[in-house]
A.B. asks: 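Just passing along the structure, written as structure tokens.
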There are 2 protein chains.
Amino acid sequence: MLLELDFSSQTPIYQQIRNQIVLAVAEGRLKDGQRIPSVRTLADESGINMMTVNKAYQLLRQEGYLQIDRRSGARISIPVSSIFLSSHPEGAVVTAAVNQLRPQLELLISEARLHGVSQELFLSTCCEIFHRQKEV
Amino acid sequence: MLLELDFSSQTPIYQQIRNQIVLAVAEGRLKDGQRIPSVRTLADESGINMMTVNKAYQLLRQEGYLQIDRRSGARISIPVSSIFLSSHPEGAVVTAAVNQLRPQLELLISEARLHGVSQELFLSTCCEIFHRQKEV
DNA sequence: CAATCTGTATTATAATATATAATACAAACA
DNA sequence: TGTTTGTATTATATATTATAATACAGATTG
């Protein structure tokens with residue numbers, strides 16, 4: 001199963017769907033151009049409403065992770081950033097991406113440090129995650 | 001001013017307050033035992049409701065960042081983890097903290113990679129944030 | 001003592017967010 | 001010709017978020 005929904009979570013269902021699909025793409029379990037279940041299929045399999053799935057798909061589409069076509073349905077669309085720009089760093093798009101996620105990273109590091117997580121442990125955890133995502 | 005609230009943000013106000021106080025503690029702008037404004041003062045200064053501030057304070061208290069006393073008000077309380085456990089790594093509390101923030105970190109790294117952020121750039125950004133937080 | 005501050009509790013109200021339900025439609029496809 | 005696709009609509013229900021107006025007990029201060 002692609003999705004593991006937690007109905008008692010405070011994270012909205014449509015957000016959980018979005019997050020898990022982004023993660024699946026990053027881990028290579030979903031590949032560029034690959035078709036994902038229709039809103040109805042995923043809704044039925046997960047026991048949720050069709051429009052909840054649609055909301056997640058719309059969100060993914062706006063972020064560029066999904067391409068939606070009436071004829072072919074919804075397909076994974078890996079941003080050009082990760083394809084063309086991965087070779088030569090320092091692109092304007094990349095630095096924009098870094099600046100966008102910086103506040104979240106600052107907060108995450110703050111919480112980590114205040115719970116005794118050393119810089120070394122944090123960085124090695126990052127490396128571990130990178131390594132797992134890259135190997136697939 | 002301690003707080004910079006964004007009323008058009010999708011992040012709830014009480015959550016913004018909580019996040020910014022955690023960040024201020026990590027950056028040393030708020031120190032252990034330091035008193036923070038009363039719920040009424042902060043509410044008036046920020047133009048929001050008293051109970052909204054109270055909700056943020058309650059959240060911070062539950063997480064261990066705040067100690068609240070009727071006589072002395074609300075004071076910053078830095079968790080013991082970051083004081084005692086910072087010297088010797090690999091504590092059970094610390095690994096628990098890492099495991100708790102791992103899902104968020106996985107998602108953050110996923111989004112970064114899919115936007116062309118290299119491991120080197122991500123790690124150097126982490127180092128930069130660590131450095132700024134530690135120097136204060 | 002009287003006034004003022006502290007956090008907290010209560011009740012009510014409003015707006016927004018989230019999720020579901022039941023249909024419906026046009027486009028594409030087998 | 002059905003079936004599937006995404007999408008739109010309308011209605012309903014619930015939860016979350018935020019405000020407003022009070023009130024109370026405990027502590028501090030003038």
Side-chain angles (χ1 to χ4, degrees), chain A residues 2-22 25 30 32-77 107, chain B residues 2-22 25 30 32-77 107:
Chain A
L2 180 63
L3 297 182
E4 289 281 342
L5 299 181
D6 178 7
F7 294 98
S8 63
S9 168
Q10 60 178 2
T11 304
I13 300 177
Y14 79 93
Q15 190 75 46
Q16 292 184 42
I17 298 174
R18 178 269 178 194
N19 290 347
Q20 292 183 29
I21 288 184
V22 170
V25 172
L30 289 177
D32 190 59
Q34 181 171 347
R35 193 169 174 186
I36 63 176
S38 74
V39 287
R40 279 169 240 261
T41 303
L42 193 52
D44 288 350
E45 285 179 353
S46 306
I48 59 176
N49 193 276
M50 185 178 58
M51 296 310 288
T52 303
V53 181
N54 185 263
K55 186 169 184 177
Y57 281 16
Q58 284 301 322
L59 184 56
L60 287 162
R61 186 184 63 83
Q62 287 173 0
E63 295 177 308
Y65 296 115
L66 218 54
Q67 226 166 354
I68 300 178
D69 191 356
R70 251 181 221 286
R71 41 197 160 180
S72 57
R75 293 180 181 279
I76 297 298
S77 167
L107 185 59
Chain B
L2 180 64
L3 296 182
E4 290 280 343
L5 299 182
D6 178 6
F7 295 98
S8 62
S9 167
Q10 60 179 359
T11 303
I13 300 176
Y14 79 93
Q15 190 75 46
Q16 293 184 42
I17 298 174
R18 179 267 178 195
N19 290 348
Q20 292 184 28
I21 289 184
V22 169
V25 172
L30 288 178
D32 191 59
Q34 182 172 347
R35 192 171 174 184
I36 62 174
S38 74
V39 288
R40 277 169 243 259
T41 303
L42 193 53
D44 288 350
E45 286 179 353
S46 306
I48 59 176
N49 193 274
M50 186 179 57
M51 296 310 288
T52 303
V53 181
N54 185 263
K55 186 170 184 177
Y57 281 16
Q58 284 300 321
L59 184 57
L60 287 163
R61 187 184 63 82
Q62 288 172 0
E63 295 178 308
Y65 295 115
L66 219 54
Q67 226 165 353
I68 300 177
D69 191 355
R70 252 181 219 286
R71 41 198 161 179
S72 57
R75 291 179 181 280
I76 297 299
S77 168
L107 186 59

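Per chain, numbering begins at 1; letters A, B, ... match sequence-line order. A quick note: this is a predicted structure, and the numbers were derived from the prediction, not measured.
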A.B. asks: Treat primed atoms plus P, OP1 and OP2 as sugar-phosphate and everything else as base, then score nucleotides 18-30 of chain C 5' to 3': B for base contact with protein heavy atoms under 4.0 Å, S for sugar-phosphate contact only, - for none.
C.D. replies: SSBB-BB-BSS--

A.B. asks: Whole angstrom is fine here: how far is it from CZ in A:Arg75 over to C1' in D:dG6?
C.D. replies: 14 Å

A.B. asks: For A:Glu45, which residues count as a side-chain contact (heavy atoms from CB on, under 4.5 Å) partner, sequence neighbours excluded?
C.D. replies: A:Met1, A:Thr41, A:Leu42

A.B. asks: Without decimals, in angstroms, what is the distance between A:Tyr57 OH and D:dA8 P?
C.D. replies: 16 Å

A.B. asks: Kindly write out the residues that satisfy salt bridge (Lys or Arg N to Asp or Glu O under 4.0 Å) with A:Asp69, not counting sequence neighbours, or none if the list is empty.
C.D. replies: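 Listed in chain order: A:Arg71.
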
A.B. asks: Taking side-chain hydrogen bond (donor to acceptor under 3.5 Å, both in side chains) as the definition, give me every residue that meets it alongside A:Glu63, ordered by chain and number, with sequence neighbours left out.
C.D. replies: A:Arg18

A.B. asks: Quick one: which residue pairs count as a side-chain hydrogen bond (donor to acceptor under 3.5 Å, both in side chains) with a foot in residues 49-58 of chain B, not counting sequence neighbours?
C.D. replies: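 Checked against side-chain hydrogen bond (donor to acceptor under 3.5 Å, both in side chains) - neighbours excluded - the pairs reaching residues 49-58 of chain B are B:Gln58-B:Arg61.
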
A.B. asks: For the helix from C:dC1-D:dG30 to C:dA30-D:dT1, how many degrees between its two end axes (five pairs per end), to the nearest 10°?
C.D. replies: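 For the helix from C:dC1-D:dG30 to C:dA30-D:dT1, the axes at opposite ends meet at about 20°.
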
A.B. asks: In whole angstroms, how far is the C1' atom of D:dT7 from the CD atom of A:Gln62?
C.D. replies: 14 Å

A.B. asks: Give me the atom names and distance for the closest heavy-atom approach of B:Glu4 to B:Gln16.
C.D. replies: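 For B:Glu4 and B:Gln16, the tightest heavy-atom pair comes out as O-OE1, 4.1 Å.
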
A.B. asks: Could you tell me the separation between the CG atom of B:Leu42 and the C1' atom of D:dT19, rounded to a whole number of Å?
C.D. replies: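 Spelled out: CG on B:Leu42 to C1' on D:dT19 is 16 Å.
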
A.B. asks: Rounding to a whole Å, what distance do you find between A:Arg18:CZ and C:dA17:C1'?
C.D. replies: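 These atoms are roughly 18 Å apart.
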
A.B. asks: Enter the distance from A:Ile17:CD1 to A:Ile48:CD1 here, rounded to the nearest 0.5 Å.
C.D. replies: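 CD1 of A:Ile48 is found 4.0 Å from CD1 of A:Ile17.
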
A.B. asks: By the 4.0 Å heavy-atom rule, please label B:Gln58 as base, sugar-phosphate, or nothing.
C.D. replies: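 Sugar-phosphate, backbone atoms only, no base.
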
A.B. asks: With a 4.0 Å limit, can you tell me whether B:Asn54 has a side-chain N or O closer than that to the phosphate oxygens OP1/OP2 of C:dG7?
C.D. replies: no

A.B. asks: So what does B:Arg61 touch, heavy atoms closer than 4.0 Å: a base, only the sugar-phosphate, or nothing?
C.D. replies: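 It contacts nothing in the nucleic acid.
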
A.B. asks: Considering residues at least two apart in sequence or located in another chain, which fulfil the side-chain contact (heavy atoms from CB on, under 4.5 Å) criterion with B:Arg35?
C.D. replies: B:Arg75

A.B. asks: Round to the nearest Å and state the distance from B:Arg35 atom CZ to C:dC5 atom P.
C.D. replies: 12 Å

A.B. asks: Ignoring hydrogens, what is the shortest heavy-atom contact between B:Met50 and B:Val39? Give both atom names and the distance.
C.D. replies: CG-CG2, 3.9 Å

A.B. asks: Rounded to the Å, how far apart are A:Ile36 CD1 and D:dT5 P?
C.D. replies: 12 Å

A.B. asks: May I have the list of side-chain donor-acceptor pairs in residues 8-15 of chain B shorter than 3.5 Å, sequence neighbours left out?
C.D. replies:
residue: B:Ser8; atom: OG; partner: B:Asp6; partner atom: OD1; Å: 2.8
residue: B:Ser9; atom: OG; partner: B:Thr11; partner atom: N; Å: 2.9
residue: B:Gln15; atom: NE2; partner: B:Asn19; partner atom: OD1; Å: 3.4

